[in-house]
Each structure stands twice: as structure tokens, then as C-alpha cells.
Amino acid sequence: MPVVDEATFRRKALELVARIPAGRVVTYGQLALLAGNPGAARQAGQIMHSLAGSDLPWQRVINAQGRVSTHKLGFGDLQERLLQAEGVVFGPSGRCDLGKYQWWPDEEKAATPERLF
DNA sequence: ATTATGACTCTCA
DNA sequence: ATGAGAGCCATAA
């Protein structure tokens, strides 16, 4: 059973998305976990679905395989371009290195010098 | 109340 | 590496 109510879950999820630095990404499952509802990766996606046209960096949310999950929806191409514009590199299989770009909240406190570029 | 539907994720074959 | 299948959880019908 959920650890937090839907409203809270959604609020925290959006909060997290807003904090993702350019050039970094987070997964749906990760978002669900951090928002207080482990296992609710689908809801994370559901929330993103409702973000159409918002000012949030929705493009920085991808699936656990390091691939964008929006090709079926038609704008997967756009999402990849936006990310590449921020420095994220996608391999020929349309996959990027999560170990390298995945972002975690606590990183804000610790400086993350190199890595990028 | 029940069913259908996903911007999901794991586990196997 | 690729794909099917089964959990998962909330929303819309």
C-alpha cells in the first residue's frame, strides 16, 4: 500500500522533476520511489502524461533502460533532441548511460565537477 | 463495483 | 539483444 496519498505523491514528483539539472535524468521508478510511493512508476508516467506543455523539464524523465518512453506518443524524437542539446548522448540503440546521467537529489549538496562535457 | 488502459519494470526464454 | 508475460498502481469509463 502507498506510503503517501496521491496528492502528496504528485506534488513531490513534480517538485523532483523541477529540480533535475540540465544534462541529467531520472527514471520513472526512481521518481516514484523518491516521491514516497515505491513501485508506482506507472503513476509517475501518468503524471508526466499530464504535463503536456508545462514549463517543467519533462524530457529529463526516462525509463529504467535509459531510453525515452515517448516514441509511441510521437514526440520521442523531440525528447531525445532536447536531451542531446543538454549534453546527454544516446547510443545507436537509443539508449543513454544511466550510470553517468542519472541524477539523485542529494547530489545538489555535493559538487559534481567534471563528469559532464 | 468492475474493466480497460497506460510516458513502468522485472524476469525469463 | 529482443520480446513476451506477469506484477504494479492509479485514473477514466
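Each chain gets a letter, A, B and so on, in the order the sequences are listed, and its residues count up from 1.
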Over how many whole Å does the gap from [X] atom [atom1] to [N] atom [atom2] extend?
X: Y28(A); N: dG6(B); atom1: OH; atom2: P; result: 15 Å
X: D5(A); N: dC9(C); atom1: CG; atom2: P; result: 16 Å
X: Q102(A); N: dT9(B); atom1: CD; atom2: C1'; result: 13 Å
X: I47(A); N: dC9(C); atom1: CD1; atom2: P; result: 15 Å
X: M48(A); N: dA7(B); atom1: CE; atom2: C1'; result: 8 Å
X: R67(A); N: dC10(B); atom1: CZ; atom2: P; result: 15 Å
X: F75(A); N: dA7(B); atom1: CZ; atom2: P; result: 9 Å
X: F9(A); N: dA10(C); atom1: CZ; atom2: C1'; result: 9 Å

**Study point:** Flag if over 12 foreign heavy atoms under 6.0 Å of NE2, H49(A)
**Key:**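 For H49(A), atom NE2 is not crowded (no more than 12 foreign heavy atoms under 6.0 Å).
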Looking only at the side chain of [X] (C-beta and beyond, no hydrogens), which of the listed nucleotides [options] gets closest?
X: Q46(A); options: dA7(B), dC10(B), dT11(C); result: dT11(C)
X: A41(A); options: dC8(B), dA1(C), dA7(B); result: dC8(B)
X: Q43(A); options: dA7(B), dA10(C), dT9(B); result: dA10(C)
X: T70(A); options: dT9(B), dT11(C), dA7(B); result: dA7(B)
X: R95(A); options: dA1(C), dC9(C), dA7(B); result: dA1(C)
X: T27(A); options: dC9(C), dT9(B), dA7(B); result: dT9(B)

Short side-chain to backbone donor-acceptor contact, [X] and [Y], under 3.5 Å:
X: T70(A); Y: L73(A); result: no
X: Y101(A); Y: V89(A); result: yes
X: Q79(A); Y: V61(A); result: yes

Exercise for review: Classify the nucleic acid contact of E6(A) as base, sugar-phosphate or nothing, counting any heavy atom under 4.0 Å across all strands shown.
Suggested key: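 The answer is sugar-phosphate, as E6(A) gets under 4.0 Å only of primed atoms, P, OP1 or OP2.
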Practice item. Quick one: label S93(A) by what it contacts on the DNA or RNA (base, sugar-phosphate, nothing), any heavy atom closer than 4.0 Å. Key: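 Nothing, no nucleic acid heavy atom in range.
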Point to revise | N37(A) vs dC8(C): side-chain N/O to OP1/OP2 distance below 4.0 Å | key: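 So the side-chain polar atoms of N37(A) never come under 4.0 Å of the phosphate oxygens OP1 or OP2 of dC8(C).
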**Study point:** Donor-acceptor pair under 3.5 Å, R42(A) side chain vs dC8(B) base
**Key:**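 Present.
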Point to revise | Under the side chain to side chain donor-acceptor pair (under 3.5 Å) test, residues paired with R42(A) that sit two or more places apart | key: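 R42(A): no side chain to side chain donor-acceptor pair (under 3.5 Å) contacts found.
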